Protein chains: 2
Amino acid sequence: MSEKPTTIKEIAQILKISTSTVSRALHDHPSIGKETRAKVKKLAKDLNYEPNQTAIFFQKGKTYTIGVILPELSEVFFSSAISAIEEAAYNRNYTVLLAQSHDNEIKEKQLVEKMKNHRVDGLLVSISKNTKSFEHFESLKKYNIPIVFFDRIPQIQNIHYVACNMETGTVEAVNYLLKKGHRTIGLINGPTTLLASKERKEGFIKAMSKNRLKFDPTLVVNCDLTEQGTVEAMEYLLKNKRKPTAIVTFNDYVALYAIKYARLKKLEIGKDVEFVSYANLPLIDYMDYKPVASVEQFPTLQAQKATDTLLDLISQRSDSQEIQAFYKVIIESQLVENTKNN
Amino acid sequence: MSEKPTTIKEIAQILKISTSTVSRALHDHPSIGKETRAKVKKLAKDLNYEPNQTAIFFQKGKTYTIGVILPELSEVFFSSAISAIEEAAYNRNYTVLLAQSHDNEIKEKQLVEKMKNHRVDGLLVSISKNTKSFEHFESLKKYNIPIVFFDRIPQIQNIHYVACNMETGTVEAVNYLLKKGHRTIGLINGPTTLLASKERKEGFIKAMSKNRLKFDPTLVVNCDLTEQGTVEAMEYLLKNKRKPTAIVTFNDYVALYAIKYARLKKLEIGKDVEFVSYANLPLIDYMDYKPVASVEQFPTLQAQKATDTLLDLISQRSDSQEIQAFYKVIIESQLVENTKNN
DNA sequence: TAAGTTTTCTCAAACGTTTGCGCAATCTTA
DNA sequence: TAAGATTGCGCAAACGTTTGAGAAAACTTA
């Protein structure tokens, strides 16, 4: 039933030559004669020879595989990312070893170990929300396995990363709303622990001050990104002395919850109150009541750049031994108006 | 800078014992004395020993890795699936090698080769829409690499698969609409080439005849699943002598396009015309004008069962050599009413 | 204390491939 | 035709681990 795969040894035996000759012949090594090469290749084809990668990986100490650790594959942002990563890796003849941390620090550490043991050539990581310490990544450096972080990056020094700067997009968003005549703008932000929250808030403040409006801290509220949390944030904002006529929300989910709540309170979306959000969900296009605009974060672009960076690092590593600089690729977020669909 | 990882050999040398003893000690082999075992384990820990998996893979001819080939990771159905697959594999200590075919038959074949060369222990596949021949899968059987197909399964014999039967759900859907008083029900189906289209149509017909209504073929229209195609299908249906008051659509995207078109034509959704669809998009919950009900296909459940089946096959293989039966796991689709969200 | 048991460990092969080095055969050139 | 250059190939080690078979050491028992 289950035939054993052909090996180089067998080919050598049949042809009565050495395995090294077979190996070299198959790799078009110059020191092998034309005829032998042809004979070897022919027989290899006939016997359906397939090089045993596990042997090669072992021999070369290289697996042509990159590890990818993402928080949640079911989140649209990350599923778009993994799609792009796979694509980019495939184009450069690399394979993807995939794992998700479910935003669990302990699991993330285990996965890093596992990836190391699998001898991946490099690692692509978007860190878990709950990861506080980063030694598990440090340990990879010792083994010379490069890591590139993307989107969710740890706040430590000397790392390679690709990330999206939320400030620009936020500034654009606020400017856009101001231009539309809004003067009282609220921000439903994420948890304070997130870098992304910080960037959004800073963009918010910057836009205000640039427009000579004073920043009103009561119009900014943090939220845990759940529906309940969003409702509470909305209640807070709508009870405010200065009731916002426009609200910037941390992401599309928050926007959806907020819009739902606003409609429940009989507010007309786009008239009584208008929303701008950060793009996570492609389906926003199909919604009837949706944010007027979204700050695009380019998940696939980020993922692509991150993969390319990682693969560059991998090939550099084998070329030279010197320590290269740290790549810091910043993609600017960008406001896009959401088109009406009816 | 880059230290070489510790090996079993080094441990052996330091302790002046043989590598086999070290290996066995680390594996708690009974024939190793308590003290030696303790000594070995201590030193291993101190030296930060990590077994070189590539060597083990090579040695054992097993990689504890499963290959997964999906058509499109950016499609919600498949991203939910890969999330569940990774989860299930992780729980049984397997790792996932990921690739997407982009519905391209040639690429699919290349990927199967690549997976074979990587010596995956098994393969999980949802086939490309455009795949017509299946020898590339046959070739894996020779090497005793089990394959489990899921959701999109080839129409050939002697394979393991997990799939969702669309007929039941479709019958339920039609019954549901009939019960709501509809008598003229349309079906915007997918391309005739797809098994899924066939099942939907058969369910459609079966439900009609069970309710002693004669099946009207003019109310069924095939479509290529694009927006343009959907618009054409809608035009056709709305021009029909018997104008449907309810429409079953092939998937949520088609439903969205159809609803958009219907509203453009000033039809009131839920009154003039009602929709039932097949669930792909979690976001349907957030929509204002949406199908009243969806036929749930349980992507994560399918993926989970498929992974478990594959891993069972893999462990069986090493246990016994006999050829086992072919697993055919059918999950019944199920109608779920979509709750109102305002 | 010698023989038999049991415990603990070692030897060496094997997995399939790559590659540095050396050697033989062939070809070149004066 | 002898010396050197070139071409074509083989030898053997190496990568790190597992494992069957056997050897040595320790412990029993009569």
Side-chain angles (χ1 to χ4, degrees), chain A residues 2-41 43-44 47-65 116-121 143-144 318, chain B residues 2-41 43-44 47-65 116-121 143-144 318:
Chain A
S2 74
E3 320 166 10
K4 290 272 158 283
T6 314
T7 72
I8 255 182
K9 272 188 192 172
E10 292 167 7
I11 298 182
Q13 223 163 13
I14 296 179
L15 257 32
K16 293 191 204 308
I17 57 181
S18 76
T19 61
S20 27
T21 305
V22 176
S23 174
R24 287 194 245 256
L26 291 172
H27 288 90
D28 289 319
H29 192 280
S31 80
I32 300 297
K34 261 196 154 187
E35 297 169 32
T36 357
R37 179 180 322 178
K39 267 197 300 185
V40 169
K41 286 199 174 178
L43 187 60
L47 294 183
N48 230 313
Y49 170 75
E50 306 272 1
N52 181 339
Q53 296 290 0
T54 63
I56 297 176
F57 293 164
F58 169 51
Q59 209 291 131
K60 296 214 163 185
K62 208 170 174 302
T63 57
Y64 299 95
T65 299
K116 181 168 69 184
N117 291 348
H118 261 264
R119 295 295 195 269
V120 294
D121 292 344
Y143 295 117
N144 214 6
S318 38
Chain B
S2 75
E3 321 167 9
K4 290 272 157 283
T6 314
T7 73
I8 255 181
K9 272 187 193 172
E10 292 167 8
I11 298 182
Q13 222 163 14
I14 297 179
L15 258 31
K16 294 191 202 310
I17 57 181
S18 76
T19 61
S20 24
T21 305
V22 176
S23 174
R24 287 195 243 258
L26 291 172
H27 287 90
D28 287 319
H29 193 279
S31 80
I32 300 296
K34 260 194 153 188
E35 296 169 33
T36 2
R37 180 181 321 178
K39 267 197 300 184
V40 170
K41 286 198 173 177
L43 186 60
L47 293 183
N48 231 312
Y49 169 74
E50 306 271 3
N52 181 337
Q53 296 290 359
T54 63
I56 296 175
F57 293 163
F58 169 52
Q59 209 289 132
K60 296 214 164 185
K62 207 170 175 301
T63 56
Y64 298 96
T65 300
K116 180 166 72 183
N117 291 349
H118 261 263
R119 296 295 196 266
V120 293
D121 292 345
Y143 295 117
N144 213 8
S318 38

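This is a predicted model, so every value here is computed, not measured. In what follows, chains are A, B, ... by sequence order, proteins preceding strands, each numbered from 1.
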For atom NE2 of B:His29 and atom C1' of C:dT7, their distance in whole Å
12 Å
Write down the distance between CD (B:Glu50) and P (D:dT17), rounded to a whole number of angstrom.
11 Å
In whole Å, what is the span from the CD atom of B:Gln13 to the P atom of D:dG16?
12 Å
d(CD1, A:Ile32; P, C:dT18) in whole Å
13 Å
Assign B:Thr54 to base, sugar-phosphate, or nothing according to its heavy-atom contacts below 4.0 angstrom with the strands shown.
nothing
Tell me the interatomic distance from A:Lys4, atom NZ, to C:dA14, atom P, rounded to whole angstroms.
16 Å
Within the stacking criterion (centroid distance below 5.5 Å, interplanar angle below 30°), does A:Phe58 stack on C:dT17?
no
Euclidean distance, atom CD1 of residue A:Ile11 to atom P of D:dG10 [Å, nearest integer]
14 Å
If you define the side chain from C-beta out and look only at heavy atoms, does anything of B:Ile17 sit under 4.5 Å from B:Lys39?
no
Quick check: closest heavy atoms across A:Val40 and A:Ile11, and the distance to 0.1 Å?
CG1-CG2, 4.4 Å
Nearest whole Å is fine: how far is D:dC11 P from A:Ile17 CD1?
11 Å
For residues A:Pro5 and A:Glu10, report the shortest heavy-atom separation together with the two atoms involved.
O-OE2, 4.3 Å
To the nearest 0.5 Å, what is the distance between CD1 (A:Ile56) and OG1 (B:Thr54)?
12.5 Å
Rounding to an integer number of Å, can you tell me how far A:Leu15 CG sits from D:dC9 P?
11 Å
Identify the heavy atoms of A:Arg37 and A:His29 that sit nearest to each other, and give their distance.
NH2-O, 3.5 Å
Result for 5'-nearest mapping on DNA chain C, choosing between B:Glu35 and A:Thr6, is B:Glu35
In terms of heavy-atom contacts, A:Ala44 and A:Leu26 come closest through CB-CD2, 3.9 Å
With respect to the phosphate group of C:dC15, does any side-chain polar atom (N or O) of A:Lys9 fall under 4.0 Å of OP1 or OP2?
yes
Taking B:Ile8's backbone N and O only, do any of them form a donor-acceptor pair with B:Thr19's side chain (distance below 3.5 Å, no angle check)?
no
Classify the nucleic acid contact of A:Thr7 as base, sugar-phosphate or nothing, counting any heavy atom under 4.0 Å across all strands shown.
sugar-phosphate
What does nucleotides 18-27 of chain D look like as a protein-contact string, B for base, S for sugar-phosphate only, - for none, at under 4.0 angstrom between heavy atoms?
BBBB------
